[in-house]
Amino acid sequence: MSTETKGKESLNFIEQIIEEDIASGKHNGTVLTRFPPEPNGYLHIGHAKAIVVNFGIAQRYGGKTNLRFDDTNPVTEDTEYVESIKRDIRWLGFDWEDREFFASDYFDQLYEFGADLIKKGLAYVDDSSAEQIAEMKGTPVAPGKESPYRSRTVEENLSLFEGMKNGEFEEGSRVLRAKGDMSSPNMHMRDPIMYRIKYAHHHRTGDKWCIYPMYDFAHGQSDSIEGITHSLCSLEFRHHRPLYDWFIEKLDIFPSRQIEFARMNVSYMITSKRKLLKLVKENYVSGWDDPRMPTIAGMRRRGFPPAAIRTFCERAGVAKRDNLIEIELLEFCVREELNRTCSRVMGVLDPLKVIITNYPEGQEEWLEAINNPEDESMGSRQIPFSGELYIEKEDFMENPPKKFFRLAPGANVRLKNAYIITCDEVIKDENGEITALHCRYYPDSKSGEDTSTVPAKGTLHWVSVPHAGTAEVRRYDRLFADPEPDGHEDRDFLEFFNPGSLEVLPKAYLEPGLKDARAGEQFQFMRKGYFCVDTDSTPGNPVFNQTISLKDSWAKAQKK
RNA sequence: AGACCCAUGGUGUAAUUGGUAACACAGCAGAUUUUGGUUCUGUCAUUCUAGGUUCGAGUCCUAGUGGGUCUACCA
């Protein structure tokens, strides 16, 4: 991984804060951030951004990043997700070393914190129902009312809180609340709930607890316990910050600081957990790792390199305003990475047979092909040529438009790494469908030693019929037809589902070397795009995913 | 309705903290090319509006407008 030195030019606002802190000697110049996923779902592109920001910023300032699972709600969380989350973070290229924590590790400490606040007269047990509490809460424009249980004595609160812990009360019958300010314009300061009773099995603490802390009484305290210096989160937690600070101040513990930044939105993608789940549950996609999904697992299977995702998140930047990053930037980063790293190979997705009429019957020859013109060190390989080839159906037109410089009756083209050919005859079946092309080749036009002087404007990819291997190829388009599928109040996001987002080509023809390709391997199919071997591949039946097409300025020009 | 946050090209992020708008993507035009790929060049902005402070404002102040967030025993 490249260590991106930020230099002096252009710091984002978080980096500015950190540099000021370092300059002033705060925390002795230490930087410790954290990535705090809740283990109740799969990571997606939005999490990737949070990961890159948290790990990236710490790295930049010689700091570290903790991984902490925010597992304070046992009814929604599960260990199953812990493993997938860890795998995804590692795959993205980040390492939390031995700093793997769980908010549940702190349940004992958190309970003590709760008791401490009671003793300080800053927390009380409330017997009100959820409905009553909601009603007493007031609204943003109307102050709330204080609970009738607010004035209990410290002793009573302490014993009630202990009773809650010991399972003496029914679920939902009591909560522990902080004594905030029921008339605060900030709803989160109106006696926020710290603990609730839940008789639920926790994925780590089992049945030890029947009371669980709320986010506001777990997250900041966990940060503080770990000595997190900069707790980076998304904008919607802005209103929680006064509470975050209040608990730390009243508890008199390590002063972690919360800093909010805008989460990243990407056009044509959704990141709502609920909506993603719906796509899976209702079989719009094949699973959480469907290559069309914006999940890390999906992007991995699609063939997006982790480095490309990292660069993408970095280029998207960090700020406080709402944003919608164009998916084209992600695509650019993916192509940029793949262009550098992928071997070029030839594969014909939609075949049209070409017979070289003047090529000696039964002859074959092996031609040299450069693996990657961007990287000489990747070397070259030999590919077979014969008198019977496949070319791409779209590379031939019987009545071509003006600037078409592919194959047409009487036209010449260069076959990549091979010879120049001229199309002499179009063979059709009884329905008038083109079944083959009869072409002539120029023996002295061989790539690298061309003395023919035959003019050829275009270059086509091809595959030798007798040597070709076959594969299933899956091509993907955007999952949604709208740049902001969940941005319409009046339309459901599913209305924008793109039914053409998956196209399966059962039989594509590939150069023979691809027979041994292993799952995960990536290639550029010349003139088509980047492809990776899917995990659905079986011996002898490879499956390729199209990660992304090559830019196609000809196709673009045709649309106009 | 209240409180809080935000406002710079089509998109996103910058602007040495008050000194005359930069970078990337996208678009458009062109050059190179045995991938219509890559690469290269050129081109694309009344900094939301109106006032004010200042020699000087994208940066500061005031008002307005627009967008977002907040009223879960979720995180």
Side-chain angles (χ1 to χ4, degrees), chain A residues 8-12 16 36-38 40 70-73 75-77 103 126 128-130 133-134 137-144 171-177 184-188 190 193-198 211-212 214-216 218-219 233-242 260 262 264 267 273 312 314-333 335-336 339-340 344 346 370 373-374 403-406 413-418 420 445 447-448 450 456-461 483 524-529 549-557:
Chain A
K8 270 153 212 89
E9 61 310 312
S10 108
L11 301 173
N12 65 50
Q16 286 179 28
E38 185 188 8
N40 74 343
D70 233 334
D71 56 350
T72 56
N73 187 358
V75 313
T76 58
E77 294 150 5
D126 194 333
S128 307
S129 69
I133 288 177
K137 193 133 199 175
T139 71
V141 285
E171 186 161 317
S173 62
R174 283 178 231 262
V175 291
L176 181 69
R177 290 229 260 172
S184 169
N186 182 341
M187 301 297 287
H188 297 280
R190 320 239 274 221
I193 293 172
M194 295 159 61
Y195 266 97
R196 76 285 215 189
I197 300 171
K198 269 183 199 285
I211 57 171
Y212 293 94
M214 297 288 289
Y215 167 85
D216 283 308
H219 197 91
C233 64
S234 52
L235 246 31
E236 59 264 39
F237 291 99
R238 171 64 186 87
H239 301 286
H240 295 250
R241 194 179 6 156
E260 313 88 16
M264 179 179 71
S267 65
K273 218 172 266 180
F312 168 64
E314 246 142 43
R315 287 184 185 160
V318 176
K320 295 179 80 166
R321 51 183 126 135
D322 300 313
N323 59 73
L324 183 65
I325 315 289
E326 291 175 329
I327 199 168
E328 286 84 352
L329 179 60
L330 209 209
E331 296 173 340
F332 171 82
C333 294
R335 288 194 182 102
E336 179 182 51
N339 177 50
R340 281 181 39 234
R344 273 60 172 167
M346 293 201 282
I370 302 288
E374 307 293 315
K403 289 267 185 79
F404 187 82
F405 47 84
R406 276 114 100 142
V413 288
R414 153 78 59 189
L415 294 177
K416 180 72 186 174
N417 297 129
I420 293 173
S445 67
S447 280
D450 182 1
K457 200 106 201 288
T459 301
L460 306 186
H461 62 281
Q524 183 197 97
F525 287 8
M526 283 209 146
R527 302 208 310 133
K528 296 311 293 183
S549 68
L550 247 33
K551 283 212 288 190
D552 190 346
S553 52
W554 169 248
K556 188 188 281 180

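These numbers come from the heavy atoms of this one structure, side chains and all, not from hydrogens, waters or symmetry mates. Each chain gets a letter, A, B and so on, in the order its sequence line appears, and its residues count up from 1. These figures come from a predicted structure and were not determined experimentally.
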Does the [N] base have a donor-acceptor partner in the side chain of [X] within less than 3.5 Å?
X	N	result
A:Q524	B:U35	yes
A:T459	B:U35	no
A:H240	B:A75	yes
A:H461	B:U35	no
A:R238	B:U69	no
A:E314	B:G12	no
A:R321	B:G68	no
A:R414	B:U34	yes

Main-chain N/O of A:S445 paired with A:R414 side-chain donor or acceptor, under 3.5 Å
yes
Take a 6.0 Å sphere around NZ of A:K457 and say whether it holds more than 12 heavy atoms from other residues, nucleotides or ligands.
no
[X] vs [N]: side-chain N/O to OP1/OP2 distance below 4.0 Å:
X	N	value
A:R527	B:G36	yes
A:K137	B:U71	no
A:T72	B:A75	yes
A:R196	B:C74	yes
A:K551	B:U38	yes
A:K528	B:G36	no

Residue [X], side-chain heavy atoms: nucleotide from [options] that is nearest:
X	options	value
A:K556	B:C28, B:G10, B:C73	B:C28
A:E38	B:G2, B:C74, B:A14	B:C74
A:P185	B:A3, B:C70, B:U35	B:A3
A:E374	B:G12, B:A14, B:U38	B:U38
A:F405	B:G36, B:C6, B:U35	B:G36

When all nucleic acid strands are considered with a 4.0 Å heavy-atom cut-off, which category describes A:R344: base, sugar-phosphate, or nothing?
base
Is A:E336 paired with A:R315 through a side-chain N to carboxylate O contact shorter than 4.0 Å?
yes
Hey, is A:W554 doing a stacking thing with B:G36, by the 5.5 Å centroid and 30° angle criteria?
yes
According to the interplanar angle, ranging from 0 to 90°, do the rings of A:H188 and A:H240 count as parallel (below 30°), tilted (30 to 60°) or perpendicular (above 60°)?
tilted
A:S128 side chain to A:D126 side chain, donor-acceptor N/O pair below 3.5 angstrom:
yes
